[in-house]
K.L.:
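Here's a structure for you.
Worth saying up front: this structure is predicted, and the values here are computed from it rather than measured.
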Amino acid sequence: MTTAQDLAHSFEPQPTPLALLLLGREADPKSERGVDCPGDLPSPSDPDLVERARVAKEKLGDKVFVLGHHYQRDEVIQFADVTGDSFKLARDAAAKPEAEYIVFCGVHFMAESADILTGDDQKVVLPDLAAGCSMADMATAEQVAECWDVLTEAGIAEQVVPVSYMNSSADIKAFTGKHGGTICTSSNAKKALDWAFEQGEKVLFLPDQHLGRNTAVRDMGMSLDDCVVYNPHKPNGGLTAEELREAKMILWRGHCSVHGRFSLDSVNDVRERIPGVNVLVHPECKHEVVAAADFVGSTEYIIKTLEAAPAGSKWAIGTELNLVRRLANRFAAEDKEVVFLDKTVCFCSTMNRIDLPHLVWALESLADGKLVNRIQVDKETESFAKLALERMLALP
């Protein structure tokens, strides 16, 4: 017999799978977040951590290749064999077939890309499985499949070419490859969109709305009216069939939690505080921030711009704080002033999960013959994701 108490319980709101992940009560190895990191980590106060990392890496020799993303902590970067952005690092790993272990000091989607591009006998390791990307989490395979159904019902799916940012999961890259699309980075987004518009009349841009909008409007001469935002949390993406038919750019409602915090007020404030400052921002920033900046480009572009800058110049940088601090220290000797664009300190919290204790634990485990935290993409997903990546590599 059903009691009143049972009925009352049945009407209580139940936590969603995502809520359980955020609460740490569930784990999903395919998610960019909410995954436990097994193993006994060294204490972060251990004064011998640097020496332990050095010894373990030396013991592994040519068997290990350590990749360090620009946004990593200095304590981790010091052990990287190469540094760079996500795609450069994945290609660097692919160019090192003799390395049995690829230790990726970055986040989950980056390690997936490295696994896709490296050989079957190579093993990609992420020192902390909970090092994810909030932007990549904003587009799941199920949501994107539902979006494609909406586009099909609107009668425009055959006109749409998906273009997915590198900062996406392997599942999204595979969807893109399966539907005739390509991948892009922040430095080749225009080339990717030029190619896509040669294949079809419209683009579904995943998962960062800001990079898609900035590239379309700033670099390709489209108007803001040519862009609509598809919200996966609303029926039909919150858009009418007519709005979808009229749009050229269908932007996924995703963003970078770090770059999205910079505002027009940040730009105006730094110009008041530092007369003559050059504002240099990443294209993942909001459109009004990009429009107000002096220079816009990828992390590699930011570094090269500062390298070429004259002595005595002043720069406010709108990107992740670890990189900005590293650049400020590097160029201080050349009399170049480099400051963070926003007054509020903001690191990429998930990128910062890769710390020295996690790196030491991973390297020592590998040195002892124990494979830990392997990132492995299934073969079907890998084949379609690789197809999308190869289309990008073939861009002029």
K.L.:
Checking H70 against E320 for the side chain to side chain donor-acceptor pair (under 3.5 Å) test, could you report, in this order, the C-alpha distance in whole Å, the side-chain angles of both residues, the deciding distance, and whether it holds?
P.N.:
CA-CA 9 Å; H70 285 310; E320 205 274 342; over 6 Å; no

K.L.:
Between V372, D128, D40, which is the residue that forms a side chain to side chain contact (heavy atoms under 4.5 Å, CB included) with W361?
P.N.:
V372

K.L.:
Kindly write out the residues that satisfy side-chain contact (heavy atoms from CB on, under 4.5 Å) with D149, not counting sequence neighbours, or none if the list is empty.
P.N.:
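D149: no side-chain contact (heavy atoms from CB on, under 4.5 Å) contacts found.
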
K.L.:
Of the non-hydrogen atoms in P162 and W148, which two are nearest, and what is the gap between them?
P.N.:
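Shortest heavy-atom separation between P162 and W148 comes out as CD-CH2, 4.3 Å.
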
K.L.:
Under the rule for salt bridge (Lys or Arg N to Asp or Glu O under 4.0 Å), what residues qualify as partners of D85, not counting sequence neighbours?
P.N.:
none

K.L.:
Does F79 share a hydrophobic cluster with V125, counting links as ILVMFWY side-chain heavy atoms below 4.5 Å and allowing steps through other members?
P.N.:
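Yes, same cluster.
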
K.L.:
Just by distance, do the side chain of T215 and the backbone of G212 share a donor-acceptor pair under 3.5 Å?
P.N.:
no

K.L.:
Any side-chain to backbone donor/acceptor pair from D208 onto H210? Under 3.5 Å, distance only.
P.N.:
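Present.
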
K.L.:
Would you tell me whether S266 and D269 have side-chain atoms, one donor and one acceptor, within less than 3.5 Å of each other?
P.N.:
no

K.L.:
Would you say N214's side chain and P283's backbone share a donor-acceptor pair under 3.5 angstrom?
P.N.:
yes

K.L.:
Closest approach of V296 and L280, non-hydrogen atoms and distance?
P.N.:
N-CD1, 4.3 Å

K.L.:
Taking the hydrophobic residues Ile, Leu, Val, Met, Phe, Trp and Tyr, and joining any pair whose side-chain heavy atoms are under 4.5 Å apart, which ones share a cluster with V217?
P.N.:
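ILVMFWY cluster around V217 also holds L224.
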
K.L.:
Can you list the residues that meet the side chain to side chain donor-acceptor pair (under 3.5 Å) rule with K234, with sequence neighbours excluded?
P.N.:
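Testing K234 for side chain to side chain donor-acceptor pair (under 3.5 Å), a comparison that skips the adjacent residues, returns none.
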
K.L.:
Should L211 and V279 be regarded as members of a common hydrophobic cluster, given that ILVMFWY residues are connected when their side-chain heavy atoms come within less than 4.5 Å of each other, either directly or indirectly?
P.N.:
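No; V279 is not reachable from L211 via cluster members.
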
K.L.:
Given 3.5 Å as the limit, does a donor-acceptor pair link the side chain of R213 with the main chain of C227, or not?
P.N.:
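Not a single qualifying donor-acceptor pair exists.
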
K.L.:
Which residue in the set F340, F331, F295 passes ring pair (Phe, Tyr, Trp, His ring centres under 6.0 Å) when paired with W315?
P.N.:
F295

K.L.:
Would you please name every residue forming a side chain to side chain donor-acceptor pair (under 3.5 Å) with H282, sequence neighbours left out?
P.N.:
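Residues passing side chain to side chain donor-acceptor pair (under 3.5 Å) with H282: none at all.
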
K.L.:
Please check if the side chain of D368 supplies one atom and the backbone of K370 the other of a donor-acceptor pair under 3.5 Å.
P.N.:
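No, the answer is negative, given that no donor and acceptor are paired below the 3.5 Å cut-off.
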
K.L.:
Do the side chain of Q159 and the main chain of K202 share a donor and acceptor less than 3.5 angstrom apart?
P.N.:
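Checked: no pair found.
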
K.L.:
Would you call the rings of F262 and H259 parallel, tilted or perpendicular, where under 30° means parallel and over 60° means perpendicular?
P.N.:
tilted

K.L.:
Dump the intermediate steps for side chain to side chain donor-acceptor pair (under 3.5 Å) on T299 and Y71, then the final yes or no.
P.N.:
CA-CA 9 Å; T299 51; Y71 298 165; 5.2 Å; no

K.L.:
Are L393 and W195 connected in the hydrophobic side-chain network, where two residues link if heavy atoms are under 4.5 Å apart?
P.N.:
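In one cluster with L393: W195, yes.
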
K.L.:
Will you find, in the side chains of Y165 and T185, an N or O donor that is under 3.5 Å from an N or O acceptor?
P.N.:
no

K.L.:
Do the side chain of E284 and the main chain of H255 share a donor and acceptor less than 3.5 angstrom apart?
P.N.:
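Absent.
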
K.L.:
Tell me, please, which residues at least two apart from K304 pass side-chain contact (heavy atoms from CB on, under 4.5 Å).
P.N.:
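In terms of side-chain contact (heavy atoms from CB on, under 4.5 Å), with neighbours along the sequence ignored, K304 is linked to E307.
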
K.L.:
If you look at every heavy atom in V160 and I250, which pair is closest and at what distance?
P.N.:
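That would be CG2-CD1, 4.4 Å.
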
K.L.:
State whether the number of non-hydrogen atoms from other residues, nucleotides or ligands found under 6.0 Å of E334 atom CD is greater than 12.
P.N.:
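Atom CD in E334 is packed in, count exceeds 12.
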
K.L.:
Just wondering, are more than 12 heavy atoms of other shown residues or ligands nearer than 6.0 Å to CD in E380?
P.N.:
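Incorrect, the count does not exceed 12.
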
K.L.:
How many angstroms lie between NZ in K336 and NZ in K314, if you round to the nearest 0.5 Å?
P.N.:
15.5 Å

K.L.:
With side chain to side chain contact (heavy atoms under 4.5 Å, CB included) as the criterion, how do D120 and K379 come out once you've worked through the C-alpha distance, each side chain's angles and the decisive distance to 0.1 Å?
P.N.:
CA-CA 10 Å; D120 292 341; K379 290 300 177 185; 2.9 Å; yes

K.L.:
Quick one: list whatever passes salt bridge (Lys or Arg N to Asp or Glu O under 4.0 Å) with E58, sequence neighbours left out.
P.N.:
R54

K.L.:
Report the residues that fulfil side-chain contact (heavy atoms from CB on, under 4.5 Å) with E246, sequence neighbours left out, ordered by chain and then residue number.
P.N.:
E242

K.L.:
Answer yes or no for K96 and F65: cation-pi contact, defined as NZ/CZ to six-membered ring centre under 6.0 Å and angle to ring axis within 45°.
P.N.:
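Yes; both conditions hold, so K96 lies above the ring face of F65.
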
K.L.:
Nearest heavy-atom pair of P232 and R253: which atoms, and what distance?
P.N.:
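Smallest interatomic distance, heavy atoms only, reads CD-CB, 4.2 Å.
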
K.L.:
Okay, side chain of Q199, backbone of A196: is any donor-acceptor separation there less than 3.5 Å?
P.N.:
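Absent.
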
K.L.:
Looking at R91, I'd like to know if its CZ atom is crowded, meaning that more than 12 non-hydrogen atoms belonging to other residues, nucleotides or ligands lie closer than 6.0 Å.
P.N.:
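Check fails, neighbour count at 12 or below.
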
K.L.:
V203, Y230: one ILVMFWY side-chain cluster at the under-4.5 Å cut-off?
P.N.:
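Shared cluster, no.
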
K.L.:
Closest approach of G106 and L126, non-hydrogen atoms and distance?
P.N.:
O-CD1, 3.8 Å

K.L.:
Not counting sequence neighbours, which residues clear side-chain contact (heavy atoms from CB on, under 4.5 Å) with S164? List them please.
P.N.:
S168, I172, T176, I183, L206

K.L.:
Indicate, with yes or no, if L264 and V270 share a hydrophobic cluster defined by side-chain heavy-atom contacts under 4.5 Å among Ile, Leu, Val, Met, Phe, Trp and Tyr.
P.N.:
no

K.L.:
Could you check whether any side-chain N or O of R391 sits under 3.5 Å from a backbone N or O of G177, counting only pairs where one atom can act as donor and the other as acceptor?
P.N.:
yes

K.L.:
Mind checking what makes salt bridge (Lys or Arg N to Asp or Glu O under 4.0 Å) contact with D74, not counting sequence neighbours?
P.N.:
R326

K.L.:
I need the minimum non-hydrogen distance between V277 and D294, along with the two atoms involved.
P.N.:
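Shortest heavy-atom contact: O-OD2, 3.8 Å.
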
K.L.:
Take M110 and L67, measure what side chain to side chain contact (heavy atoms under 4.5 Å, CB included) needs, and give me the verdict at the end.
P.N.:
CA-CA 10 Å; M110 299 178 188; L67 310 175; over 6 Å; no

K.L.:
Report, as yes or no, whether the 6.0 Å neighbourhood of atom CZ on R271 holds more than 12 heavy atoms from other residues, nucleotides or ligands.
P.N.:
yes

K.L.:
When rounded to the nearest 0.5 angstrom, what is the spacing between CG in D355 and CD in Q72?
P.N.:
9.5 Å

K.L.:
For D115 and V377, indicate whether the former's side chain and the latter's backbone hold a donor-acceptor pair under 3.5 Å.
P.N.:
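Flag set: sc D115 to bb V377 pair under 3.5 Å.
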
K.L.:
Not counting sequence neighbours, which residues clear salt bridge (Lys or Arg N to Asp or Glu O under 4.0 Å) with K248? List them please.
P.N.:
none

K.L.:
If the condition is side chain to side chain donor-acceptor pair (under 3.5 Å), which residues does K88 pass it with, not counting sequence neighbours?
P.N.:
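Here the qualifying residues are D92.
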
